[in-house]
Participant: 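Got a structure for you, written out below as structure tokens; questions coming shortly.
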There are 2 protein chains.
Amino acid sequence: MAHIELKEALDTLKDTGVRITPQRHAILEYLINSMSHPTADDIYKALEGKFPNMSVATVYNNLRVFREVGLVKELTYGDASSRFDFVTTHHYHVICEQCGKIVDFHYPGLDEVEHLASHVTGFKISHHRMEIYGTCPDCASKEAH
Amino acid sequence: MAHIELKEALDTLKDTGVRITPQRHAILEYLINSMSHPTADDIYKALEGKFPNMSVATVYNNLRVFREVGLVKELTYGDASSRFDFVTTHHYHVICEQCGKIVDFHYPGLDEVEHLASHVTGFKISHHRMEIYGTCPDCASKEAH
DNA sequence: TACACTATTTATAAAGATTATAAAATAAGA
DNA sequence: TCTTATTTTATAATCTTTATAAATAGTGTA
């Protein structure tokens, strides 16, 4: 199914008139297969072997292109660099404050919150984001030692 | 009441053994009176007149101190720099995607989400963050022109 | 009030992430 | 295959934030 997702993503690019380069192919593939939520630098390092001459700028440029097309979501947490997530179904993230691990968490969209916010503030709401913070089981058991 | 908040904040600092310097006083005062959610640079620029020799590092250092003491919350959105918010009661933020305006939005904490997340992932949840995005009335009316 | 001690500020530089630029390379359609 | 506009590369610049060390200034004590 990762296979199908990649194909669909490439089709999306084609439909939008975005050229499919080997670098773009590899970045998408990495994002889809990666169960983590990599930073631009993670991706750069991971593809160094396959593309020894690739520039960091290429990674950033393409992540921006993917974001604009809607294939990828950019996550900005407290730490230094953004993380990138291939867009599949709607889900939230649970983040470990000790080790930084990010786990997907499926939950119905909080439509009610958006409605109330719209009513109270007069904004036309487009979307929201939410993250949940805590300690993952691994770190919790280490703490207890 | 901004007056009272400032006094309480200063008391908090005193209790924690953090020295009250003119710069700290001014930064706190600015944060409390500011209805916006300023960046470190906003604060720096705003206090330039009063403290011509103040260093940017001072602003950053003190914002970190305030955050550690719990007086201030750091907000990291998509844009380049963090924003800082004087902590009062629990509330969320509604953010205009056109002009960047941030409006406070009071809503009961989403305890249920935290519970479910804890149950599903095994994390020990400490807190969550949520932001709501949309278009503010001003920008919406400009769009319609 | 003056002193001493330590925290804080300043000035500066360094680090890290991201973006801009221009020349070279290349994907995709004719 | 050929052409052209897009993309990549290499590099430098920008911006935010942190580190460092010397100078300064709060705060408790005599």
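Letters A, B, ... mirror the listed sequences (proteins, then strands); counts begin at 1.
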Participant: Going by atom types only, do A:Glu114 and A:His128 share a side-chain donor-acceptor pair under 3.5 Å?
Facilitator: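 Result is yes, a qualifying pair exists.
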Participant: Strictly under 4.0 angstrom, non-hydrogen atoms only: write out the protein contact profile of nucleotides 11-30 of chain C, one letter per nucleotide from the 5' end, B, S or -.
Facilitator: B-----SBBB------BS--
Participant: Short question: side chain of A:Thr16, backbone of A:Val18 - any donor-acceptor pair under 3.5 Å?
Facilitator: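 No, because the side chain of A:Thr16 does not come within donor-acceptor range (under 3.5 Å) of the backbone of A:Val18.
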Participant: Side-chain contact test, heavy atoms from C-beta onward, threshold under 4.5 Å: evaluate it for B:Val94 versus B:Asp104 and give yes or no.
Facilitator: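 The answer is no; the side chains never approach within 4.5 Å.
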Participant: B:Leu13 has an atom CG; how far is it from atom P of C:dA7, in whole Å?
Facilitator: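 In whole Å, C:dA7 P lies 16 Å from B:Leu13 CG.
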Participant: Calculate the interatomic distance between B:Tyr44 atom OH and D:dT17 atom C1'; express it in whole Å.
Facilitator: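 Computing the B:Tyr44:OH to D:dT17:C1' distance gives 14 Å.
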Participant: Would you kindly give the CG-to-C1' distance between B:Asn62 and C:dT10, to the nearest whole Å?
Facilitator: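 Rounded to the whole Å, the gap is 12 Å.
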Participant: For B:Leu47 and C:dT9, what is the distance between atoms CG and C1' respectively, to the nearest whole Å?
Facilitator: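 The answer, rounded to whole Å, is 14 Å.
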Participant: Output the rounded distance in Å from CG (A:Leu28) to P (D:dT7).
Facilitator: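 That distance rounds to 14 Å.
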Participant: Quick one: list whatever passes ring pair (Phe, Tyr, Trp, His ring centres under 6.0 Å) with B:His37, sequence neighbours left out.
Facilitator: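 In terms of ring pair (Phe, Tyr, Trp, His ring centres under 6.0 Å), with neighbours along the sequence ignored, B:His37 is linked to B:His93.
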Participant: Could I get the full list of side-chain contact (heavy atoms from CB on, under 4.5 Å) partners for B:Val87, not counting sequence neighbours?
Facilitator: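 With neighbours one apart ignored, the set is B:Lys73.
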Participant: Just to verify, what does B:Arg67 make a salt bridge (Lys or Arg N to Asp or Glu O under 4.0 Å) with, not counting sequence neighbours?
Facilitator: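 Scan of B:Arg67 (salt bridge (Lys or Arg N to Asp or Glu O under 4.0 Å), adjacent residues dropped) gives B:Glu74.
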Participant: Quickly work out the B:Ile27 CD1 to C:dT9 C1' distance and round it to whole Å.
Facilitator: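 Interatomic distance, CD1 of B:Ile27 to C1' of C:dT9: 11 Å.
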Participant: Hey, mind stepping through B:Thr58 and B:Gln23 against side chain to side chain donor-acceptor pair (under 3.5 Å) and telling me if it holds?
Facilitator: CA-CA 8 Å; B:Thr58 300; B:Gln23 292 90 337; 5.9 Å; no
Participant: For A:Arg24, give me all partners under salt bridge (Lys or Arg N to Asp or Glu O under 4.0 Å), at least two apart in sequence or on another chain.
Facilitator: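 Result, salt bridge (Lys or Arg N to Asp or Glu O under 4.0 Å) vs A:Arg24: none returned.
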Participant: Go ahead and write out DNA chain C as dot-bracket, 5' to 3': ( ) for pairs within the strand, [ ] for ones crossing earlier pairs, | when the partner sits on another strand, dots for unpaired; Watson-Crick or G-U wobble, both distances under 3.5 Å.
Facilitator: ||||||||||||||||||||||||||||||
